[in-house]
Amino acid sequence: MRIVSMRRRISVGWDWQSKVSQSQRGIVTSCRAVVLPRFGGPEVLEVRPNVEVPELKPNEVLVRAHAVSVNPLDTRMRSGYGRSIFEPLLPLILGRDISGEVAALGASVRSLIVGQEVFGALHPTAIRGTYADYAILSEDELAPKPVAVTHVEASAIPFAALTAWRAIKSTARISEGQRLLVIGGGGAVGFAAIQLSVAAGCHVTTTCGSQSIDRLLAAGAEQAVDYTAEDLELAIKGNFDAVLDTIGVPETERVGINLLKSGGHYMTLQGEAASLTDRYGLAVGLPLATAVLLKKQIQYRCSHGIEYCWTFMRADSEGLDEIRNLTEAGKLKIPVEKTFPILQVREAHEAKDKRYIHGKIVLELD
């Protein structure tokens with residue numbers, strides 16, 4: 001790892017391998033990182049010792065990572081999902097979630113200080129991810145780490161919880177007393193959506209596998225239906241103000257749409273933009289995806305009187321602050337099933353690919 005003196009207006013923290021003299025203004029210029037040089041299986045991931053760390057922009061923060069979580073988006077990107085966008089930009093660094101401490105600040109950052117423990121998540125299309133000793137995030141992508149949880153626990157939360165937040169708070173704008181159906185509540189996004197909705201005073205029903213029923217009921221869901229053993233349309237009672245579909249196949253879309261009240265929102269995590277642009281290229285695929293979405297929106301508005309949308313994570317400082325507060329209060333948690341050292345990143349991805357581990361995996365960098 002290399003440190004150089006700088007005269008830029010950037011505040012400086014301390015490096016975990018080399019301490020910077022207090023008389024210097026220094027910044028990390030290279031660090032260890034997991035690099036994706038080409039698409040493929042876990043074997044393509046490379047841990048490189050000296051990957052360049054770009055200069056900070058005024059609104060950016062350099063974070064020394066303690067823990068980063070493995071999201072489904074990471075394994076899908078590694079396998080080629082989003083190829084039309086990412087292939088020209090290879091090599092990439094994967095990773096979205098992070099928990100660590102502030103090492104340096106861009107000139108305009110005011111809400112954080114060097115040495116402060118933080119957690120947060122990058123947006124889905126970020127090229128330089130968090131699988132690195134040092135990651136760069138914008139100020140609005142970070143918040144103080146909840147004191148009540150460890151770095152490992154904190155790193156599992158932001159991306160999944162912000163994805164859920166965007167759907168139920170920003171899009172559906174659920175409020176106290178409303179009914180929410182979460183299709184696929186056993187995953188991290190679904191589980192976060194249940195907890196966020198319960199905290200907002202909503203009535204939540206969810207579908208899941210049999211192994212998740214007790215956990216989801218304990219989190220506050222009023223009904224948890226085993227999709228492997230029951231007919232969802234017969235088992236689920238009443239209609240809903242919003243449906244969050246984390247599965248996004250035609251059958252769950254049909255069920256979710258039919259269970260909505262007039263004026264309700266159907267939100268799926270499985271939008272077709274990436275798959276269509278991968279198949280046809282950006283020039284054809286993106287307009288085609290827009291047309292497909294518009295057609296469905298008009299179709300369901302006319303036939304069912306509901307709003308239809310593809311939903312995805314986006315940075316939201318207000319949302320991250322509430323997520324932090326709920327985590328601190330013990331009302332929001334994403335369980336971590338297993339941790340791996342960053343040097344075993346291939347093993348971690350293989351465990352997710354082969355479903356050896358169904359719960360959340362976190363990579364430790366200390």
Side-chain angles (χ1 to χ4, degrees), residues 34 41-42 45 65-79 81 94-99 119 121 129-131 145-146 148-165 167 182-198 204 206-221 224-229 244-248 269-270 313 323 326-327 330-366:
V34 177
L45 296 173
H66 287 281
V68 299
S69 77
V70 177
N71 285 293
L73 179 62
D74 301 338
T75 57
R76 293 176 71 187
M77 283 179 61
R78 189 209 68 226
S79 300
Y81 177 78
L94 297 177
R96 293 296 171 264
D97 287 312
I98 190 168
S99 184
F119 79 141
T130 58
Y131 287 14
K145 182 186 77 67
V149 297
T150 65
H151 283 294
V152 166
E153 293 168 329
S155 72
I157 296 169
F159 192 80
L162 282 168
T163 303
W165 170 275
V182 178
I183 299 176
V189 175
F191 191 50
I194 291 168
Q195 294 173 88
L196 289 170
S197 301
V198 169
V204 183
T206 187
T207 70
C208 58
S210 58
Q211 74 280 3
S212 298
I213 288 177
D214 290 343
R215 176 167 60 94
L216 302 190
L217 291 174
V225 179
D226 181 357
Y227 71 93
T228 67
L244 175 59
D245 185 355
T246 72
I247 309 300
L269 299 184
Q270 309 302 331
M313 180 270 189
I323 287 163
L326 290 173
T327 301
K331 296 180 179 181
L332 176 62
K333 182 178 182 180
I334 307 294
V336 175
E337 185 168 338
K338 187 171 176 60
T339 63
F340 288 84
I342 192 70
L343 293 175
Q344 293 181 12
V345 62
R346 291 181 177 179
E347 290 86 343
H349 271 238
E350 183 178 13
K352 292 306 291 185
D353 283 356
K354 296 184 176 180
R355 299 183 181 274
Y356 295 149
I357 298 170
H358 295 282
K360 198 74 167 177
I361 289 177
V362 168
L363 303 172
E364 295 186 274
L365 291 103
D366 290 333

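The first residue of the sequence shown is numbered 1, and numbering continues consecutively from there.
With values rounded to the nearest 0.5 angstrom, L162 atom CG is found 4.5 Å from M313 atom CE. For the atom pair CG of D74 and CG of L94, the computed distance is 5.5 Å after rounding to the nearest 0.5 Å. The distance from the CZ atom of F159 to the OG1 atom of T130 is 10.0 Å, given to the nearest 0.5 Å. Taking CG from L196 and NZ from K331, the interatomic distance works out to 11.5 Å, rounded to the nearest 0.5 Å. To the nearest 0.5 Å, the span separating CD on E153 from CD1 on I334 amounts to 11.5 Å.
With hydrogens and angles ignored, the 3.5 Å screen pairs a side-chain donor or acceptor of Q270 with a backbone N or O of T246.
Contact record, P341 with L363: O-CD2, 4.4 Å, taken as the closest heavy-atom pair. Contact record, A67 with V362: CB-CG1, 3.8 Å, taken as the closest heavy-atom pair. For the pair A161 and L332, the tightest heavy-atom approach, listed with the atom from each and the gap, is CB-CD2, 4.3 Å. Contact record, T163 with L269: CG2-CD2, 3.7 Å, taken as the closest heavy-atom pair. Residues K145 and A154 approach most closely at CG-CB, 3.8 Å, considering heavy atoms. I361 and A351 make their closest contact through CD1-CB, 4.1 Å (heavy atoms, listed as atom of the first residue, atom of the second, distance).
Among residues two or more places apart in sequence or in another chain, the side-chain hydrogen bond (donor to acceptor under 3.5 Å, both in side chains) test is passed with T339 by E364. Remark: R78 pairs with D353 by the salt bridge (charged side-chain N to carboxylate O under 4.0 Å, His left out) rule, at least two apart or across chains. For E350, the salt bridge (charged side-chain N to carboxylate O under 4.0 Å, His left out) test picks out K354, with sequence neighbours left out. Legend: residues meeting salt bridge (charged side-chain N to carboxylate O under 4.0 Å, His left out) with K360, ordered by chain and number and at least two apart, are absent. For S212, the side-chain contact (heavy atoms from CB on, under 4.5 Å) partners are C208, R215, L216, not counting sequence neighbours. Annotation: side-chain hydrogen bond (donor to acceptor under 3.5 Å, both in side chains) contacts of S79 (sequence neighbours excluded): none. Judged as a side-chain contact (heavy atoms from CB on, under 4.5 Å), and not counting sequence neighbours, the contacts of L217 are I213, A224. Scored by the side-chain hydrogen bond (donor to acceptor under 3.5 Å, both in side chains) test, T207 finds no partners at all (sequence neighbours excluded). The side-chain contact (heavy atoms from CB on, under 4.5 Å) test applied to A219 returns F191, I194, Q195, not counting sequence neighbours. Qualifying side-chain contact (heavy atoms from CB on, under 4.5 Å) partners for A167, counting only residues two or more places apart in sequence or in other chains: L244, M267, T311. D97 is linked by a side-chain hydrogen bond (donor to acceptor under 3.5 Å, both in side chains) to S69, N71, counting only residues two or more places apart in sequence or in another chain.
Side chains of F340 and I357 form a contact here, defined as non-hydrogen atoms less than 4.5 Å apart. L73 is listed as a side-chain neighbour of Y81, based on a closest heavy-atom distance under 4.5 Å.
Environment of NZ in K352: crowded, with over 12 heavy atoms of neighbouring residues, nucleotides or ligands closer than 6.0 Å.
Relative ring orientation between H349 and Y131 is described as perpendicular, the plane-to-plane angle rising above 60° on a 0-90° scale split at 30° and 60°.
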